[in-house]
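Reading through the structure tokens given below for one structure.
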Amino acid sequence: MSGTTPADVVCLGESMVTFLPSRPGRLADVPSFARGIGGAESNVACALAAAGHRAAWVSRVGADGFGDHLVEAVAAYGVDTSFVRRDPSRPTGIYFRTATDRATDVHEVAYYRAGSAASAMSPATVPCDGLPAGRVLHLSGITAALSADCLALLHELTAPREGRPLVSFDVNFRPGLWRGESPAVLLDLARRADVVFVGEDEAEEAWGVVGAAAIREALPEPGVVVVKRGADGVTVFSHEPGRRPSNAGGADEVSHVPALRVDVVAPVGAGDAFAAGFLSATLRGLPVRDRARHGHLMAAAVLTVPGDLTEPPARERADRLAALDDDAWGRLRLGPGWTGDDTEVRTT
């Protein structure tokens, strides 16, 4: 895909070179690390491109070797990287993490991103009229935390304007990035979006809002709000454009879609993969239940490999699984290798 070809989804945000531990343990004890890439928005772009969509990634990286690696690695998935700008005076961000689940107390992440090239994104360096054309613009709350300029950029991108694409916003609250700052701004940004992804746990931690229904009350404007509930699956609140009243009550369709049982290899990247699967099905005009099921399937593909990214299941296979009746869906159990076309999916 070239920079002049319209994209299905444009993803904007920082990606960093990530160093993955060679074994479990504290960062102080891990003897070596393997290089990879990590970035919520570029992860979504890579997953969508691997699933056959036209995806573009917009960002800034340093004029350094790490920047070269990021651009080459993301482009290798088929993502259009022609709108990534190189910054000659700021470095590409990097980070190190432990092998444990991000939600556990023993998980450690060491970021080296202060003053990064991506933190210089702003309405001046990434003007709206300079973005590639796309049906969906995908953003996340991580960008808002990088700098005042990045926050100003998200305010501009989410503002109502003629020709604005469907705006997808993953709250992606990272407490370590908001020290001394109020994450309440994430609520304002989410209310300006069309599709919102938010975890019950992060809504409570960031905004003090408890429960799926209360989250919807706090986010009355978006047409679709996907509340992620961990092992319990997701609750999706949705309405047809133009039908929803200005208050939080009214014409919502509420869909509860159970998660899959997965033999987890590494508990990272699932949220980005879920967003990619949901957006992929949205682009195809599938019903809400199937959008959420495709999200779960894409997440399961990532959970059953060591890294943040992997090849998704073939579309025909994913469609077949997403169309199962509720009983058959509930009996699925997915483990390593399940995405292979000739791999039999287990049921219980």
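By convention here, the first residue in the shown sequence is residue 1.
Between the side chains of Asp170 and Ser168, no donor-acceptor pair of N or O atoms lies under 3.5 Å. Neither side chain, Asp149 nor Ser147, offers a donor N or O lying under 3.5 Å from an acceptor on the other.
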Does the side-chain contact (heavy atoms from CB on, under 4.5 Å) test come out yes or no for Thr304 and Thr339, once each step is laid out? CA-CA 9 Å; Thr304 50; Thr339 58; 5.5 Å; no

List the steps and the verdict of side-chain contact (heavy atoms from CB on, under 4.5 Å) for Trp207 and Leu186. CA-CA 9 Å; Trp207 309 325; Leu186 295 176; 4.0 Å; yes

Just do the side-chain contact (heavy atoms from CB on, under 4.5 Å) check on Ile215 and Glu204 with the steps written out, would you? CA-CA 9 Å; Ile215 291 171; Glu204 181 175 2; over 6 Å; no

Step by step, would you call Leu27 with Phe19 a side-chain contact (heavy atoms from CB on, under 4.5 Å)? CA-CA 11 Å; Leu27 287 179; Phe19 290 92; over 6 Å; no

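Here the straight-line distance linking atom OG1 of Thr282 with atom CG of Asp290 works out to 11.0 Å at 0.5 Å rounding. In this structure, CD in Glu41 is found 7.5 Å from CG in Asp272, a value given to the nearest 0.5 Å. In this structure, OH on Tyr111 lies 8.5 Å from OG1 on Thr18, to the nearest 0.5 angstrom. The CG atom of Leu309 lies 5.0 Å from the SG atom of Cys46; values are rounded to the nearest 0.5 Å. To the nearest 0.5 Å, atoms CZ (Arg192) and CG (Asp194) are separated by 12.0 Å. The distance from the OG1 atom of Thr98 to the CZ atom of Phe33 is 9.0 Å, given to the nearest 0.5 Å.
Of all the heavy atoms in Glu311 and Ala301, the pair that sits closest is O-CB, 4.4 Å. Of all heavy-atom pairs between Phe237 and Val227, the closest is CE1-CG2, 4.0 Å. Between Leu324 and Arg293, the shortest heavy-atom distance links the atoms O-NH1, 2.5 Å. Here the shortest heavy-atom pairing between Pro132 and Phe83 reads CB-CE1, 3.4 Å. A pairwise comparison of heavy atoms in Leu12 and Val126 identifies CD1-CG1, 3.7 Å as the closest pair. Of all non-hydrogen atoms in Asp64 and Pro91, the two that sit nearest each other are OD2-CA, 3.6 Å.
Side-chain N or O atoms of Trp329 include none that pairs as donor or acceptor with a backbone N or O of Leu260 at under 3.5 Å. When atom types are taken as modelled, the side chain of Arg85 and the backbone of Ala117 share no donor-acceptor pair closer than 3.5 angstrom. Not a single donor-acceptor pair under 3.5 Å links the side chain of Arg164 to the backbone N or O of Leu157. Side-chain atoms of Arg216 do not come within 3.5 Å of backbone N or O of Val236 as any donor-acceptor pair. Listed for the Arg315 side chain is a donor-acceptor partner under 3.5 Å among the backbone atoms of Ala51. Within the 3.5 Å criterion, the main-chain N or O of Ser32 finds a donor-acceptor partner in the side chain of Ser22. Remark: side-chain polar atoms of Thr92 are paired, donor with acceptor, to backbone N or O of Gly62 under 3.5 angstrom. Looking at Arg90, its side chain never comes within 3.5 Å of a backbone N or O of Ala120 through a donor-acceptor pair. Side-chain atoms of Asn172 never come within 3.5 Å of backbone atoms of Gly141 as a donor-acceptor pair (strictly under, hydrogens ignored).
Looking at Asp325 and Arg331, no side-chain N of the basic residue comes within less than 4.0 Å of a carboxylate O on the acidic one, giving no salt bridge. A salt bridge links Arg333 with Asp263: the closest approach of a Lys/Arg side-chain nitrogen to an acidic carboxylate oxygen falls below 4.0 angstrom.
Note on Met298 and Leu279: separate hydrophobic clusters, where clusters join Ile, Leu, Val, Met, Phe, Trp and Tyr whose side-chain heavy atoms are under 4.5 Å apart, directly or indirectly. No continuous path of ILVMFWY side-chain contacts below 4.5 Å connects Val302 to Ile142, so the two sit in separate hydrophobic clusters. Both Phe173 and Leu154 belong to a common hydrophobic cluster when Ile, Leu, Val, Met, Phe, Trp and Tyr are linked at side-chain heavy-atom distances under 4.5 angstrom. In terms of hydrophobic clustering, with Ile, Leu, Val, Met, Phe, Trp and Tyr side chains grouped at heavy-atom distances under 4.5 Å, Val210 and Val254 are assigned to different clusters. Cluster membership for Val224 and Val257, using ILVMFWY side-chain heavy atoms within less than 4.5 angstrom, is shared.
Within 6.0 Å of OH in Tyr112 there are 12 or fewer heavy atoms belonging to other residues, nucleotides or ligands.
Counting heavy atoms from C-beta on, the side chains of Leu283 and Arg135 come closer than 4.5 Å. Arg191 is listed as a side-chain neighbour of Leu219, based on a closest heavy-atom distance under 4.5 Å.
A distance below 6.0 Å separates the ring centres of His296 and Phe274.
With Leu189 as reference, Leu151 is the one residue of Val171, Thr143, Leu151, Leu139 to meet the side chain to side chain contact (heavy atoms under 4.5 Å, CB included) rule.
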